[in-house]
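Notes for the one structure printed next.
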Amino acid sequence: MIRPPAPAPTPTPAPQPRVQLSKITLTKAAPTVSLAKGGDTGTMRINLNWTRGRRGFLGNGAIDLDLACLYQLNDGSKGVVQALGNAFGDLHYPPYIALDGDDRSGLNAGGENLHINLAHLADFKRILIFAYIYDGTPNWSAADGVVTLYPPHGPEVEVRLDSHDNRARSCAIALLKNEKNELTVTREVRYINGTQSEISKAYRWGLKWTAARK
């Protein structure tokens with residue numbers, strides 16, 4: 001008796017490559033993402049970069065945006081980290097946030113950077129990342145700014161300063177909150193016709209402001 005040939009084995013499908021996200025862009029439709037959980041260590045860098053050399057922004061061919069943040073810790077202390085008044089912060093002592101410098105010329109390819117010590121995540125309540133124009137006529141559309149968050153683990157998170165309002169001097173960019181020992185970031189991109197005091201008022205930070213120079 002002749003037996004029919006055995007059927008050919010079904011080929012095993014090749015495993016599909018896992019999608020590795022290298023960047024997440026926060027939008028109006030998808031404004032929030034989780035960045036870190038309790039136990040995460042390392043430092044998160046927050047970078048502000050913008051288009052340089054556009055004449056007409058400050059009238060001298062250079063664009064001068066300043067990166068800063070308001071912070072509130074769980075012990076009730078709060079304040080600002082910024083170049084103005086030399087309030088550069090400290091990475092290893094409260095507020096565990098530090099600004100690396102002030103790019104006045106706009107010629108530094110690395111832009112300006114805030115650093116947050118995630119080993120002290122439990123100490124944070126909320127952090128508002130913002131940018132402001134120290135001098136000159138506002139022109140956000142010419143600046144074409146972008147803020148990128150670089151957590152020690154996971155993809156970078158990008159917030160573009162779009163929906164420009166060239167009447168405003170400041171822009172609240174992103175709000176970071178510690179929710180049940182998990183740090184989340186929410187896109188704001190809220191233009192404010194005023195300086196730090198108006199930002200503080202808009203987000204009910206309750207700070208008192210005095211004039212300062214850099």
Side-chain angles (χ1 to χ4, degrees), residues 22-26 32-50 52 63-75 77-132 134 143 145-161 170-179 181-189 196 199-200 203 205 207 212 214:
S22 61
K23 180 171 68 175
I24 296 172
T25 299
L26 298 184
T32 302
V33 68
S34 175
L35 291 182
K37 295 184 178 181
D40 283 2
T41 58
T43 300
M44 178 169 65
R45 179 169 67 97
I46 301 174
N47 171 262
L48 168 67
N49 226 317
W50 63 94
R52 294 160 174 77
I63 294 175
D64 182 16
L65 288 182
D66 281 350
L67 178 66
C69 76
L70 297 175
Y71 67 83
Q72 183 176 3
L73 303 183
N74 279 320
D75 65 2
S77 59
K78 49 192 173 182
V80 63
V81 175
Q82 61 178 4
L84 195 63
N86 294 318
F88 287 96
D90 195 297
L91 196 60
H92 303 291
Y93 297 92
Y96 310 112
I97 306 169
L99 179 66
D100 63 3
D102 177 23
D103 179 18
R104 290 193 180 188
S105 67
L107 299 177
N108 181 2
E112 295 187 3
N113 298 276
L114 283 165
H115 302 269
I116 299 177
N117 188 346
L118 293 180
H120 292 274
L121 174 59
D123 293 291
F124 296 117
K125 183 173 183 179
R126 58 175 181 159
I127 304 167
L128 179 69
I129 308 300
F130 69 93
Y132 63 95
Y134 176 68
V146 58
V147 163
T148 307
L149 295 83
Y150 297 91
H153 310 289
E156 61 193 63
V157 178
E158 179 184 86
V159 181
R160 302 201 67 87
L161 276 61
S170 306
C171 180
I173 299 167
L175 184 62
L176 283 64
K177 287 185 177 182
N178 181 352
E179 298 178 337
N181 211 25
E182 182 171 342
L183 189 67
T184 62
V185 56
T186 299
R187 174 191 183 274
E188 295 290 317
V189 190
Q196 293 89 329
I199 296 173
S200 174
Y203 284 85
W205 228 269
L207 296 177
K214 62 176 182 176

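- The nearest pair of heavy atoms linking I97 to Y71 is CD1-CB, 3.8 Å.
- To the nearest 0.5 Å, atoms SG (C69) and CD1 (I46) are separated by 7.0 Å.
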inquiry  = Quick one, L84 with D66, criterion side-chain contact (heavy atoms from CB on, under 4.5 Å). Give me CA distance, side-chain angles, the key distance, then yes/no.
reply    = CA-CA 9 Å; L84 195 63; D66 281 350; 5.9 Å; no

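- Listed for the E112 side chain is a donor-acceptor partner under 3.5 Å among the backbone atoms of L67.
- Between L161 and V189 the shortest heavy-atom distance is CA-CG1, 4.3 Å.
- When only modelled atom types and interatomic distance are considered, N113 and N47 share a side-chain donor-acceptor pair under 3.5 Å.
- Contact annotation: the side chain of L176 approaches that of M44 to within less than 4.5 Å [non-hydrogen atoms, C-beta and beyond].
- A heavy-atom distance below 4.5 Å is not found between the side chains of N178 and K125.
- Nearest heavy-atom pair, V81 versus P95, reported as atom, atom and distance to 0.1 Å: CG2-CG, 4.0 Å.
- Counting heavy atoms from C-beta outward, W205 and V80 have side chains that stay 4.5 Å or more apart.
- L149 contributes atom CG, which lies 7.0 Å from atom CD1 of I129 (distance to the nearest 0.5 angstrom).
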Stepwise, does the side-chain contact (heavy atoms from CB on, under 4.5 Å) test hold for F130 with E188? CA-CA 9 Å; F130 69 93; E188 295 290 317; over 6 Å; no

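- With rounding to the nearest 0.5 angstrom, the OG1 atom of T186 is 11.0 Å from the CG atom of L128.
- Here the closest heavy-atom approach between residue L118 and residue P152 is recorded as CD1-CD, 3.6 Å.
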| Should L121 and N181 be marked as a side-chain contact (heavy atoms from CB on, under 4.5 Å) after you check the CA-CA gap, both sets of side-chain angles, and the distance that decides it? | CA-CA 7 Å; L121 174 59; N181 211 25; 4.0 Å; yes

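- We find the CG-CD1 distance between L114 and I127 to be 9.0 Å, quoted to the nearest 0.5 Å.
- In this structure, SG on C171 lies 14.0 Å from OH on Y132, to the nearest 0.5 angstrom.
- Side-chain contact, T148 with E156: no donor N or O sits under 3.5 Å from an acceptor N or O.
- Within 6.0 Å of NZ in K177 there are 12 or fewer heavy atoms belonging to other residues, nucleotides or ligands.
- By the 30° and 60° cut-offs, the orientation of the rings of Y96 relative to F124 is perpendicular.
- Side-chain N or O atoms of N74 include one that pairs as donor or acceptor with a backbone N or O of A122 at under 3.5 Å.
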For L48 and V147, run side-chain contact (heavy atoms from CB on, under 4.5 Å): C-alpha distance rounded to whole Å, both residues' side-chain angles, the deciding distance at 0.1 Å, then the answer. CA-CA 5 Å; L48 168 67; V147 163; 3.8 Å; yes

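- Across every non-hydrogen atom of R187 and L26, the tightest pair is CD-O, 3.4 Å.
- Within the model, atoms CD1 of I199 and CG of L207 stand 11.0 Å from one another, a figure rounded to the nearest 0.5 Å.
- When all heavy atoms of S77 and D75 are compared, the pair lying nearest together is OG-OD1, 2.7 Å.
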